[in-house]
Each structure stands twice: as structure tokens, then as C-alpha cells.
Amino acid sequence: MKRIRIKEVLQTSGTNQEILVKGWVRTFRNNQFIALNDGSCNNNLQIVVDFNSTPETTLKRITTGACISVVGNLIASQGKGQTVELVCKTLEILGDSDAEKFPLQPKKHSLEFLREIAHLRFRTNTFGAVFRVRNALAFAVHKFFQEKDFVYLHTPIISSSDAEGAGELFRVTNFDIANPPKTENGEVDFKQDFFGKPTNLTVSGQLEGELAAMAFSDIYTFGPTFRAENSNTTRHLAEFWMIEPEMAFFDLNDNMDLAEDLLKYVITYAFTKCHEDIEFLSQRLLEEEKQKPQIERSELSLIEKLRFCLDNEFERVTYTEAIEILKDSNHNKKKKFSYLIDKWGVDLQSEHERYLVEKHFKKPVILTDYPKEIKAFYMRQNDDGKTVGAMDILFPGIGEIVGGSQREERLEKLETRMKEMNIPTEELWWYLDTRRFGACPHSGFGLGFERLVLFVTGMTNIRDVIPFPRTPKNCEF
RNA sequence: UCCUUCUUAGCUCAGCUGGUUAGAGCACAUGACUGUUAAUCAUGGGGUCCCUGGUUCGAGCCCAGGAGAGGGAGCCA
């Protein structure tokens with residue numbers, strides 16, 4: 001007999017048909033009712049065991065966490081709480097789970113505890129929902145770009161340039177670390193290393209992405225990215241996934257349009273595809289919020305927040321306008337910011353970003369045209385000589401979810417800027433070649449995938465939306 | 001990395017001004033019950049009070065150092 005997934009079983013009505021299901025026991029109540037879950041959906045299938053005809057030894061082995069296989073008749077439920085239930089004919093224990101040692105109990109566990117048993121947390125309602133949503137979002141990203149005929153490009157994981165300027169790097173080597181080969185000067189001799197030069201894990205696929213965009217017009221990458229920053233926050237990981245589209249002939253406005261479309265598309269997809277999961281997560285968040293004092297609670301539920309984000313245009317403001325808004329805000333005048341806004345040119349702190357998104361506009365905000373001093377070398381210089389064509393998308397509760405720009409395609413301006421910022425032009429000769437041979441205006445951005453998952457699931461710690469988080473001092477599993 | 005809070009049973013937490021044998025709920029074991037929904041009831045077992053050192057007649061509690069975790073900041077996606 002062919003196994004049926006529980007999601008499918010729950011969609012049918014009980015017609016006394018014989019079926020086979022397999023899954024893991026969530027709880028065994030009353031020596032009679034098994035809540036069985038196989039990960040296909042958040043809801044469990046209730047198995048009704050006849051304890052009179054089932055051997056005592058088998059009953060004892062039906063414990064939380066055990067894996068079982070059940071053949072039985074699917075009927076309309078005799079009890080409340082579910083529409084159908086499976087009356088057990090034969091039950092086989094596929095894998096025992098020692099109740100004394102299995103750490104998951106049929107009760108609420110703290111997210112911190114579950115993080116320590118990340119290998120088992122998939123078997124909880126919350127993480128089941130989170131990772132099904134994550135899957136839907138990842139698929140939707142590909143669907144969006146494929147429908148638009150973008151080319152999915154695999155940029156390298158190992159990189160030899162440290163000129164990308166996007167943070168601390170993880171060194172890649174096969175040297176004996178305790179005893180690396182040295183030159184006559186006593187320095188580490190990288191000529192003898194695997195690649196013959198120092199190499200690192202990638203911090204961005206953007207520069208390579210630009211090369212491909214100068215051939216395919218529209219490309220995107222979606223892969224892991226590594227930053228060795230000593231960041232201990234709820235929104236940073238040492239290993240995370242990033243989506244980086246790069247489009248020839250796109251100016252900054254086209255870039256913003258695409259980013260906004262992408263975000264709305266994938267959120268809509270996950271919302272439709274995983275409605276029950278998001279419903280569950282929304283409810284979970286509501287319970288969580290009840291623990292907080294009234295003032296800290298959010299005005300909108302998760303579902304309302306997602307709807308609101310989908311139904312409204314993102315607010316587009318320039319850095320200069322944002323500074324004016326912040327400077328004139330009562331918050332600034334009453335000196336409620338830790339860092340007061342006094343002059344044009346300062347970098348915005350997260351308290352300022354939060355004020356703009358959560359208090360002033362109350363919706364996603366796209367900030368554009370930042371001062372060139374606080375942005376990367378490759379961003380296109382505006383005619384005012386002060387700003388660059390940058391755009392950051394800020395989301396409520398998350399902060400920066402997208403960072404992008406129109407790229408500087410004019411060779412002379414790019415080289416000058418690189419020299420000003422001490423970026424070695426020789427090392428990036430291949431990057432500069434795109435400006436030498438058939439350069440064109442182009443744009444792109446980076447979308448932090450886990451930050452997107454945070455927003456859609458309503459989780460608050462980024463370590464809870466990636467299966468096995470890598471953070472400073474933590475690389476378990 | 002900085003600021004801040006925390007670390008007591010498998011989990012969540014209480015533990016008074018430093019005082020005798022460190023508690024509760026859940027989980028687990030045993031039994032009862034059997035249409036339950038985190039089932040219920042009874043009984044029982046379960047502790048390196050994060051680690052190291054110090055003060056004291058006496059430390060879960062006070063002091064110093066260390067480790068880990070949460071929240072906030074910086075860096076960023």
C-alpha cells in the first residue's frame with residue numbers, strides 16, 4: 001500500500017477507506033489517541049488505537065518522538081477538535097524514542113532551549129511552520145526571476161579578492177595552521193597555499209554578478225555568504241543566504257521597482273502557499289506579545305502586517321529628505337535619540353531607521369541617494385558631487401532588508417573613486433574590464449534571505465529562521 | 001567588540017536579611033481511569049545551585065576572575 005502524506009489525508013473526508021500513514025508521535029493521550037505528524041503540514045492526524053486489542057508492549061512503545069507506521073480506516077471523527085481520524089488496524093513501531101531521554105515534551109519550550117537542540121526542533125509546530133515558509137519563499141524567489149527570464153548564476157564561494165569591502169573575511173587555506181610555510185622575511189608564504197594566493201569565503205557575489213549581467217542582461221544569484229564579523233545580534237549570522245540580482249540597462253528607479261515587486265511577489269506566494277503555517281505563526285506571535293507590556297506590543301498582527309506591506313506602496317525618500325524629517329521630529333527636538341541628528345552627512349543609526357519606518361511612515365521605506373562618504377566605491381555618483389545612487393529598503397522590526405545601488409559604469413569616475421578609497425585597481429582588473437568593453441548603465445541589490453524569512457514568519461531572532469545557525473562561538477551540528 | 005540582564009531538577013521557574021534535610025508546575029516511572037485535545041487523578045524517583053578562587057563559624061545568596069545565554073548598540077544583508 002502506498003503511504004499518503006498527512007496533509008492530503010486531512011483534506012479528504014472520512015469515507016471509511018483504508019490508508020497507510022507514517023510519521024512521528026507528537027503526543028499519546030489517554031492510552032488511546034496518537035497525534036501523528038509527518039511534517040507535510042502543521043496539523044496532526046489523530047490515530048485511534050484500540051488498547052484492548054493492542055499488546056501492552058506495543059502501547060508502551062508509543063512515546064513522544066517515536067516513529068510509527070499505521071494502516072487503518074479513515075472515518076469522520078467521533079470526537080471534537082478534528083474532522084477525520086484514523087482507526088488503527090495495524091501499528092508498527094519504526095523507531096523507538098526513549099521517553100525518559102527525548103527532550104521534546106508536549107508543552108511549550110523556550111526558543112533558546114530549542115536552539116540548543118536544533119537537530120530536533122524541526123519536530124515542533126513553530127519550527128515546522130518556519131521552515132515550510134522558508135522553503136516557499138526560496139522557491140518563490142526562483143519562480144519570480146525565472147518568470148522574468150533572469151539567468152540564475154552560480155558565483156564562486158571561494159574568492160581571492162578582499163576588495164569587496166563588505167566586512168571581515170573567513171580565510172580559506174589548507175595550510176597547517178600551527179606551522180605555515182614562511183618566506184625569507186618570516187611572513188606566511190601564500191605562494192605555497194592551495195590557490196597560490198590568500199583566499200577567503202565570499203562576502204558577496206555582486207562583482208561577478210555584474211560581469212554576467214554584461215552578457216545576459218538580467219541575472220540573479222542565490223547562495224550562501226560568509227562574514228566573520230563579531231556580531232552578536234538578532235539579525236546577523238556568520239553564514240547566511242543572499243539573493244543578488246544584477247540588471248543591465250536598469251537605473252535606480254527600475255532597481256527599486258524590481259526590489260519592491262520581488263518582495264511583494266514572494267510574500268504573496270508564501271502567504272497563499274503556507275496560509276495555515278502563517279496563521280499559526282500569527283497566533284503564536286499574539287501569545288508572545290501578551291507577555292509584553294502594552295506599550296511594547298505591536299499594533300498589527302503578523303497577518304495584518306503582511307497584508308499592509310502588500311497593499312501599500314513602499315515610501316521612497318532621499319537621504320536628504322530623511323535627515324530633514326528626523327531633524328524636525330519631536331523625537332529629535334526632545335532629545336530622545338541617543339544620537340541626535342544635527343547635520344547632513346552623518347550615517348543613520350538604527351534608532352533613526354526605526355523611527356522613520358515604525359513611527360513616521362509606518363510602512364516599508366526605501367531610502368535613496370546617500371552621501372558618497374558612507375557608501376561603497378562601486379555606487380554611481382550623482383551629478384551633485386555629494387551623493388550616490390544607493391537605495392536601502394527598511395522593514396519594520398528588521399531594519400535593512402535590501403541594500404542596492406545603480407553601479408558606476410564610467411571607468412574614469414570609478415577608478416578615481418577607488419583610488420580615493422584605497423581600493424586596489426590592479427587586483428580588480430577584471431571588474432574594471434566591464435567598464436572598458438561595452439559598459440552600460442546597470443543596477444542591482446542584495447536581499448538578505450533570512451531577514452525576509454524573519455519578516456514573513458514574525459520570528460524575532462535570525463537564529464530561529466535558519467536550520468543550523470552559525471554565529472560567533474557557535475557552530476554546533 | 002561595548003553596555004545591560006541572566007545562569008538552581010530533563011523543561012519553565014520560586015528560593016526571605018547569609019543559617020539546619022534546596023522547593024513548585026510540567027516531563028519521567030508505577031498504578032488507576034478510558035472519546036482524549038499540552039487528557040485527568042494518586043504515588044514515587046530525580047540536584048556538580050554554570051566554573052574557579054576568596055570572605056565567613058556557616059555561601060544557592062556576598063566579593064573577584066572566567067565561561068555561556070538573552071536583550072540593546074556598532075558592523076551589515
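In what follows, chains carry the letters A, B, and so on, assigned in the order in which the sequence lines appear, proteins first and then strands, with residues in each chain numbered from 1. In what follows, every heavy atom counts, from backbone to side chain, and hydrogens, waters and symmetry copies are set aside.
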Could you go step by step and tell me if A/Arg316 and A/Asp257 meet the salt bridge (charged side-chain N to carboxylate O under 4.0 Å, His left out) rule? CA-CA 11 Å; A/Arg316 300 182 185 191; A/Asp257 289 344; 2.8 Å; yes

Expressed as a whole number of angstroms, how long is the span from [X]:[atom1] to [N]:[atom2]?
| X | N | atom1 | atom2 | result |
| --- | --- | --- | --- | --- |
| A/Tyr355 | B/G72 | OH | P | 21 Å |
| A/Tyr339 | B/G74 | OH | P | 7 Å |
| A/Glu244 | B/C76 | CD | P | 15 Å |
| A/Glu351 | B/G74 | CD | C1' | 12 Å |
| A/Glu239 | B/C76 | CD | C1' | 17 Å |
| A/Glu476 | B/A69 | CD | C1' | 14 Å |
| A/Lys80 | B/G35 | NZ | P | 14 Å |
| A/Leu59 | B/U30 | CG | C1' | 16 Å |

Check: residues 4-13 of chain A side-chain donor-acceptor pairs under 3.5 Å, at least two apart:
residue : atom : partner : partner atom : Å
A/Arg5  : NH1  : A/Asp38 : O            : 3.4
A/Thr12 : OG1  : A/Val9  : O            : 2.7

May I ask you to verify if any side-chain N or O of [X] is less than 4.0 angstrom from the OP1 or OP2 atom of [N]?
| X | N | answer |
| --- | --- | --- |
| A/Asn230 | B/U1 | yes |
| A/Arg354 | B/A73 | yes |
| A/Arg115 | B/G68 | no |
| A/Arg463 | B/G70 | yes |
| A/Arg29 | B/A39 | yes |
| A/Ser350 | B/G74 | yes |

Give me the residues of [range] where at least one heavy atom lies under 4.0 Å from an atom of RNA chain B, by number, or none.
| range | result |
| --- | --- |
| residues 38-53 of chain A | A/Gln46, A/Phe51 |
| residues 394-404 of chain A | A/Glu400, A/Ile401, A/Val402, A/Gly403 |
| residues 82-89 of chain A | A/Gln82, A/Glu85 |

Can you find a pair of side-chain heavy atoms, one from [X] and one from [Y], that are under 4.5 Å apart?
| X | Y | answer |
| --- | --- | --- |
| A/Phe395 | A/Val357 | no |
| A/Phe144 | A/Leu258 | yes |
| A/Phe361 | A/Ile325 | yes |
| A/Phe477 | A/Pro467 | no |

Please state the [atom1] separation for the pair [N] and [M] - nearest whole angstrom.
| N | M | atom1 | result |
| --- | --- | --- | --- |
| B/A39 | B/G46 | P | 26 Å |
| B/C50 | B/A14 | P | 13 Å |
| B/C57 | B/C62 | C1' | 16 Å |
| B/C3 | B/A64 | P | 15 Å |
| B/A22 | B/U4 | P | 35 Å |
| B/G15 | B/A24 | P | 15 Å |
| B/C13 | B/G60 | C1' | 15 Å |
| B/C6 | B/A27 | C1' | 24 Å |

How far apart are the C-alpha atoms of A/Thr387 and A/Asn382, what are their side-chain angles, what is the distance that settles it, and do they pass the side-chain hydrogen bond (donor to acceptor under 3.5 Å, both in side chains) test? CA-CA 6 Å; A/Thr387 60; A/Asn382 289 330; 2.8 Å; yes

Give the nucleotide from the list [options] with an atom nearest to the side chain of [X].
| X | options | value |
| --- | --- | --- |
| A/Asn31 | B/C33, B/G35, B/G74 | B/C33 |
| A/Lys60 | B/A73, B/U30, B/U34 | B/U30 |
| A/Asn232 | B/G74, B/A77, B/U1 | B/U1 |
| A/Asn461 | B/G71, B/A38, B/A77 | B/G71 |
| A/Pro106 | B/A73, B/C76, B/A38 | B/A38 |
| A/Thr234 | B/G71, B/C33, B/C75 | B/G71 |

How would nucleotides 8-15 of chain B be written as a contact map, 5' to 3', with B for base contact, S for sugar-phosphate-only contact and - for no contact, using protein heavy atoms under 4.0 Å? --BBS---

Heavy atoms from other residues, nucleotides or ligands near [atom1] of [X] exceed 12 (cutoff 6.0 Å):
| X | atom1 | value |
| --- | --- | --- |
| A/Tyr339 | OH | no |
| A/Lys362 | NZ | no |
| A/Gln32 | CD | yes |

Only one of A/Leu114, A/Leu104, A/Leu111, A/Thr126 passes side chain to side chain contact (heavy atoms under 4.5 Å, CB included) with A/Arg121; say which it is. A/Leu114

Only one of A/Leu394, A/Asp392, A/Leu447 clears side chain to side chain contact (heavy atoms under 4.5 Å, CB included) with A/Ile401; which? A/Leu447

Pick the nucleotide of RNA chain B nearest each of A/Thr64 and A/Phe28; which residue has the one closer to the 5' end? A/Thr64

A/Glu56 or A/Phe102, whichever maps to the more 5' nucleotide of RNA chain B: A/Phe102

Which base sits across from B/A27 as a Watson-Crick or G-U pair, both distances under 3.5 Å? none

Ignoring hydrogens and angles, are the base of B/C76 and the side chain of A/Ser231 linked by a donor-acceptor pair under 3.5 Å? no

Evaluate the criterion side-chain hydrogen bond (donor to acceptor under 3.5 Å, both in side chains) for residue pair A/Gln206 and A/Glu210; output intermediate values, then yes/no. CA-CA 6 Å; A/Gln206 181 200 317; A/Glu210 285 188 49; 2.9 Å; yes

With sequence neighbours excluded, residues passing side chain to side chain donor-acceptor pair (under 3.5 Å) with A/Gln349: none

Over all strands shown, is A/Leu237 touching base, sugar-phosphate only, or nothing at heavy-atom distances under 4.0 angstrom? base

Under 6.0 Å between ring centres, would you say that holds for [X] and [Y]?
| X | Y | value |
| --- | --- | --- |
| A/Phe28 | A/Phe33 | no |
| A/Phe122 | A/Phe468 | yes |
| A/Tyr355 | A/Phe337 | yes |

